[in-house]
2 protein chains.
Amino acid sequence: MSDPLRSPALKPRKKPAQLRSAETVACIIEAAARILEERGFAGYTTNAVAEKAGVGVGSLYQYFPGKDALTAALIERETAVLLDDVAEAERAASGAQGLKQLIRAAVAHQMRRPALARLLDFEEQRLPLELEVGRVSFRLEQAIVRLLARMAQESPADPQQAAADMLAICKGMVDAAGQRGETDAASLEGRVARAIFGYLEPLRPGRDAALEA
Amino acid sequence: MSDPLRSPALKPRKKPAQLRSAETVACIIEAAARILEERGFAGYTTNAVAEKAGVGVGSLYQYFPGKDALTAALIERETAVLLDDVAEAERAASGAQGLKQLIRAAVAHQMRRPALARLLDFEEQRLPLELEVGRVSFRLEQAIVRLLARMAQESPADPQQAAADMLAICKGMVDAAGQRGETDAASLEGRVARAIFGYLEPLRPGRDAALEA
DNA sequence: CTATATTGCGAGTTATTACTCGTATTTGAA
DNA sequence: TTCAAATACGAGTAATAACTCGCAATATAG
């Protein structure tokens, strides 16, 4: 409520017109999230977002240069927690444990607002890759690569590819679970872990005859 | 060229005005595919499709009641081969071998036109679930369920959920690979198989300590 | 060839949406 | 209180896209 950013023109000298109301901005972003969740891409219009936020369209365009910028801001907001958790996982645990924690973070992230996560995943790739945020997927991938490097055994030949595959497995499974309305994070985590560690496990003769066929 | 459907009003008695030019229809559907691949959803307009197909918009609307119907037709066309291959896999092989063949079919399907497959996957869920086609995903899932039932060992507790997970793993990995421009189907097949069979493999004590944590 | 029916067409209609701009309101300083 | 700067606003604009409709071209029948 007593947000310092709220009071405009605190120091008129420096930046006369760039001060933003953080509260209003957050409100608009959340409105965008709700619209996307409730109506999908089709209903995701700037007018609808402004109305849901309780502001005029003009205000929206005061804070965001265009619709894509709003979407980018939403992506950034949704992603921030995940990236923090990933950094924490990397710091706290190593090897398989770290991977496990990373899976937990990813599942939690996507379970929080499944529809939204899915739509934003899709949109992230379509957006003009602004150097600002730096692709979320890329950052996640690099975190996995670093974790893999710290796993003595079971380190795959091509860590970059392995990381991309693992990320794809995780995203695919969690998205699908979200669409089916699953809510049991623990169960989902376990299944994702099975797939990912199964993927990592080096082929052993006789482990599964079909794999050698 | 000498398509019997091409000559109109063969029997004016019965159906005076419902004969279609299969050739033109195919042309329009392929144009839709190309537009989607080249310009994504943003450029996917009926006018653009008609132009690429070399017909007037009017003709397009003679063959399809609306844009969604065109999209549905495209989905059906793209899916037909896959569903055939799946049926064939189910007929020819059982258990793990059948699963393996199914993975091969899915990978081949998505590798053929990666961008298109991805977009259509996405669109399939947004379309008003017309009872006509019957969700592709659903049919694939059922095929997997039947295959799982025929696997004596390693049959999971909840086959329906397992099938959904396996489908998600496959879709996720193949989509991601397509986006990265991968073209080596054999390598991708192997990796998908590792994840899926790893997922199926029952937990064994000591298989991976992290899994029990 | 003439008449009739079917198909092909694309300019135009209608609806929607991203975005602007002139005005009203609020804020803060003196 | 008064003034100026900053902010909020939403009706209006321009562009775009789905879809229609009346007419032209073509094919078939007699």
Visitor: Atom CD of Glu51(A) to atom C1' of dT17(C): distance rounded to whole Å?
Guide: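 Between C1' of dT17(C) and CD of Glu51(A): 14 Å.
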
Visitor: Ignoring the backbone of Val57(A), work out which of dG10(D), dG8(C), dT7(D) is nearest its side chain.
Guide: dG10(D)

Visitor: Which whole-number value in Å describes the distance from Leu70(A) CG to dC19(C) P?
Guide: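 Interatomic distance, CG of Leu70(A) to P of dC19(C): 10 Å.
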
Visitor: Expressed in angstrom and rounded to an integer, what is the separation of Glu23(A) atom CD from dT7(D) atom P?
Guide: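 Nearest whole value for this atom pair: 15 Å.
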
Visitor: In whole Å, what is the span from the CZ atom of Phe64(A) to the C1' atom of dT20(C)?
Guide: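 Atom-to-atom, Phe64(A) to dT20(C), this comes out as 18 Å.
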
Visitor: Going by distance alone, is a donor N or O of one side chain under 3.5 Å from an acceptor N or O of the other, for Gln125(A) and Arg118(B)?
Guide: yes

Visitor: Side-chain N or O of Gln62(A) less than 4.0 angstrom from OP1 or OP2 on dA8(D)?
Guide: yes

Visitor: Return the nearest nucleotide to the side chain of Lys67(A); candidates are dC19(C), dC9(D), dC19(D).
Guide: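 Comparing dC19(C), dC9(D), dC19(D) against the side chain of Lys67(A), the answer is dC19(C).
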
Visitor: Under a plain distance cut-off of 3.5 Å, with no hydrogens placed, do Glu141(A) and Gln161(A) share a side-chain donor-acceptor pair?
Guide: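 The criterion, which ignores hydrogens and geometry beyond distance, is not satisfied for Glu141(A) and Gln161(A).
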
Visitor: What heavy-atom pair brings Ile169(B) and Ala195(A) nearest, and what distance separates the two atoms?
Guide: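 So the two residues come closest at CD1-CB, 3.7 Å.
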
Visitor: Is there a residue in residues 36-47 of chain B whose heavy atoms reach under 4.0 Å of DNA chain D, and which residues are they?
Guide: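 Only Tyr44(B), Thr45(B), Thr46(B), Asn47(B) qualify.
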
Visitor: Could you tell me if Ser21(A) and Tyr63(A) have a donor-acceptor pair between their side chains, going purely by distance under 3.5 Å?
Guide: no

Visitor: Would you mind reading off the distance between Ile35(B) atom CD1 and dA17(D) atom C1', rounded to a whole angstrom?
Guide: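 Roughly 14 Å, once rounded to whole Å.
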
Visitor: Kindly list each side-chain donor-acceptor pair under 3.5 angstrom involving residues 85-92 of chain B, sequence neighbours excluded, with atom names and distances?
Guide:
| unit_1 | atom_1 | unit_2 | atom_2 | d |
| --- | --- | --- | --- | --- |
| Glu88(B) | OE1 | Arg91(B) | NH1 | 2.6 |
| Glu90(B) | OE1 | Arg146(B) | NH2 | 3.2 |
| Glu90(B) | OE2 | Arg146(B) | NE | 2.4 |
| Glu90(B) | OE2 | Arg146(B) | NH2 | 3.4 |

Visitor: For salt bridge (Lys or Arg N to Asp or Glu O under 4.0 Å), just list the numbers for Glu30(B) and Arg77(B), CA-CA rounded to whole Å, side-chain angles, deciding distance to a tenth of an Å, and then say yes or no.
Guide: CA-CA 9 Å; Glu30(B) 176 55 26; Arg77(B) 191 199 73 170; 2.9 Å; yes

Visitor: Would you kindly give the CG-to-P distance between Leu60(B) and dA18(D), to the nearest whole Å?
Guide: 10 Å

Visitor: Check every atom of dT20(D), dA8(D), dG8(C) against the side chain of Tyr63(A) and return the nucleotide holding the closest atom.
Guide: dA8(D)

